[in-house]
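We name chains A, B, ... by the order of the sequence lines, and we start the count at 1 in each one. These numbers come from a predicted model, not from an experiment.
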Amino acid sequence: MHYAYAEQFRKALVTWFEQEKRDLPWRHTKDPYKIWVSEVMLQQTRVDTVIPYYTRFLEHFPTMDALANAEEELLLKQWEGLGYYSRARNLQAGVREVVEVYGGVVPNTREEISKLKGVGPYTAGAVLSIAYGVPEHAVDGNVMRVLSRVLNIHDDIALPKTKKVFEAAVDMLIDRDNASSFNQGLMELGALICTPTSPKCLLCPVREYCTAFHEGEPEKLPVKTKKVKTKPLYYDVYVMRDEAGNLKVEQRDASGLLASMWQFPMIERGDDVFTPTLLEQQYDVTITTKENLTTLKHIFSHLVWHMDVFVVDVAGVQQHWVTFEEMKKYPMPVSMLKILKAYENSLG
DNA sequence: AACCCGGGGTA
DNA sequence: TACCCAGGGTT
């Protein structure tokens with residue numbers, strides 16, 4: 001793209017964004033902390049999903065000090081249902097680093113801000129440009145789709161090295177006097193106009209600069225090869241109830257899937273596995289009654305949980321289990337919240 | 001570079 | 001179903 005075209009492109013994009021941008025909660029602030037929170041929540045997560053979480057999160061943790069001092073359980077409870085829970089822990093770790101190392105001021109250079117936990121190339125560029133106006137690239141899925149079409153880039157965006165191509169493109173095109181609106185404009189365009197299927201080219205403010213539009217098949221871009229196969233897993237899940245009616249809740253492993261989140265005991269089914277016996281052995285109890293509660297399917301990105309859920313009354317409990325109301329304080333993944341709901345309904 | 005990490009919306 | 005979403009960390 002020639003220099004004169006680049007200038008017209010960036011002006012058309014910025015003008016369109018500033019006229020047509022959606023009214024979103026994080027667009028009412030330039031507080032780097034709040035921008036940071038929004039960007040982390042928006043990773044792999046849609047705007048409409050994030051909005052209520054963002055508002056509630058900042059009510060609980062309005063400042064970096066508040067978040068830095070928060071209990072992890074409270075933090076995760078605020079994140080409950082949003083997914084990718086390590087984002088929350090990384091955000092808190094990063095905020096603590098800003099408080100302790102940078103005197104409570106979010107760094108304004110890519111080199112420094114990138115050192116913070118949970119701040120990768122995209123989030124670094126987003127916070128720098130939106131909060132501070134620094135002309136740094138912020139390349140996400142939207143930006144790669146938009147620019148692959150505008151510039152007719154056919155590199156496979158599933159390959160890590162391809163992102164460098166788009167970062168270089170943004171470096172060439174970015175409005176150095178209004179990096180915030182330029183970067184947000186690219187993303188807004190991807191969200192509203194330059195969508196994955198059926199892009200609304202007739203409404204596009206930059207279609208006259210768009211190679212894919214002129215060639216007639218913008219929906220063919222970007223090129224993306226990878227595809228993931230979901231693997232099924234089969235579990236028996238137990239709502240265990242002692243003589244007092246208290247329930248067993250346990251914390252998952254600190255690493256891996258749903259790390260440190262809380263759950264009802266679950267045992268993977270297998271050919272030579274009778275899960276009630278395993279349950280009695282693992283928890284040192286005796287099952288006195290057992291009834292079906294529900295059957296649930298829970299879909300993750302890469303796997304599917306098929307869960308048969310049972311309510312069992314048990315004898316021989318030594319520890320203190322929790323009441324139904326206490327259970328609600330524990331951060332749980334959506335799969336377990338569904339079971340909690342089913343159990344609540346079964347009580348009538 | 002490959003793999004892992006949630007959950008929900010949409011065509 | 002399959003794909004996508006304001007990605008980052010680990011290995």
According to the interplanar angle, ranging from 0 to 90°, do the rings of Tyr343(A) and Phe324(A) count as parallel (below 30°), tilted (30 to 60°) or perpendicular (above 60°)?
tilted
Over 60° means perpendicular and under 30° means parallel, so classify the ring planes of Trp79(A) and Phe57(A), tilted if in between.
perpendicular
So, does [X] get its side chain near the phosphate of [N], meaning an N or O under 4.0 Å from OP1 or OP2?
X: His298(A); N: dG7(B); result: yes
X: Gln43(A); N: dA6(C); result: no
X: Lys117(A); N: dT10(C); result: yes
X: Tyr84(A); N: dG9(C); result: no
X: Asn142(A); N: dA6(C); result: yes
X: Thr123(A); N: dG8(C); result: yes

Given [options], which nucleotide is nearest the side-chain atoms of [X]?
X: Asp140(A); options: dG6(B), dA6(C), dC4(C); answer: dA6(C)
X: Gln44(A); options: dG7(C), dA6(C), dA1(B); answer: dG7(C)
X: Lys161(A); options: dC4(C), dA6(C), dA1(B); answer: dA1(B)
X: Val334(A); options: dG8(C), dA6(C), dG7(B); answer: dG7(B)
X: Arg145(A); options: dG7(B), dC5(C), dG6(B); answer: dC5(C)

Would you say the side chain of Asp308(A) lies within less than 4.5 Å of the side chain of Phe310(A), judging by non-hydrogen atoms?
yes
Would you indicate whether His214(A), at its atom NE2, is surrounded by more than 12 heavy atoms from other residues, nucleotides or ligands within a distance under 6.0 Å?
yes
Round to a whole Å and report the spacing from [atom1] of [X] to [atom2] of [N].
X: His302(A); N: dA2(B); atom1: NE2; atom2: C1'; result: 11 Å
X: Leu186(A); N: dC5(C); atom1: CG; atom2: C1'; result: 17 Å
X: Lys338(A); N: dG7(B); atom1: NZ; atom2: C1'; result: 9 Å
X: Ile299(A); N: dC3(C); atom1: CD1; atom2: C1'; result: 13 Å
X: Leu303(A); N: dC3(B); atom1: CG; atom2: C1'; result: 13 Å
X: Met144(A); N: dC4(C); atom1: CE; atom2: P; result: 11 Å
X: Tyr122(A); N: dG9(C); atom1: OH; atom2: P; result: 14 Å
X: Lys163(A); N: dG9(C); atom1: NZ; atom2: P; result: 10 Å

If you look at every strand shown and take non-hydrogen atoms under 4.0 Å, does [X] touch a base, only sugar-phosphate, or nothing?
X: Asn183(A); result: nothing
X: Gly190(A); result: nothing
X: Trp79(A); result: nothing
X: Arg252(A); result: nothing
X: Val119(A); result: sugar-phosphate
X: Ser86(A); result: nothing

Using the [atom1] atom in both, what is the distance from [N] to [M], to the nearest Å?
N: dT11(C); M: dG6(B); atom1: P; result: 15 Å
N: dA6(C); M: dC3(B); atom1: P; result: 25 Å
N: dG9(B); M: dG8(C); atom1: P; result: 23 Å

Run the side chain to side chain contact (heavy atoms under 4.5 Å, CB included) check on Thr49(A) and Leu82(A) step by step: do they pass?
CA-CA 8 Å; Thr49(A) 303; Leu82(A) 202 48; 4.1 Å; yes
Is there a donor N/O on one and an acceptor N/O on the other, under 3.5 Å, for the side chain of Arg87(A) and the base of dC5(B)?
no
Could a donor-acceptor pair under 3.5 angstrom be found where the side chain of Thr49(A) meets the base of dG9(B)?
no
Of Gly83(A) and Asp48(A), the one whose closest DNA chain B nucleotide lies more 5':
Gly83(A)
Take Thr197(A) and Ser335(A), find for each the nucleotide of DNA chain B with the closest heavy atom, and name the residue whose nucleotide sits nearer the 5' end.
Ser335(A)
Heavy-atom nearest nucleotide on DNA chain C for Gly118(A) versus Arg22(A): which residue maps closer to 5'?
Arg22(A)
Is it the case that the side chain of Lys115(A) and the backbone of Arg110(A) share a donor-acceptor pair, with hydrogens and angles ignored and the cut-off at 3.5 Å?
no
Side-chain donor/acceptor of Glu280(A) to backbone N/O of Ile287(A), under 3.5 Å:
yes
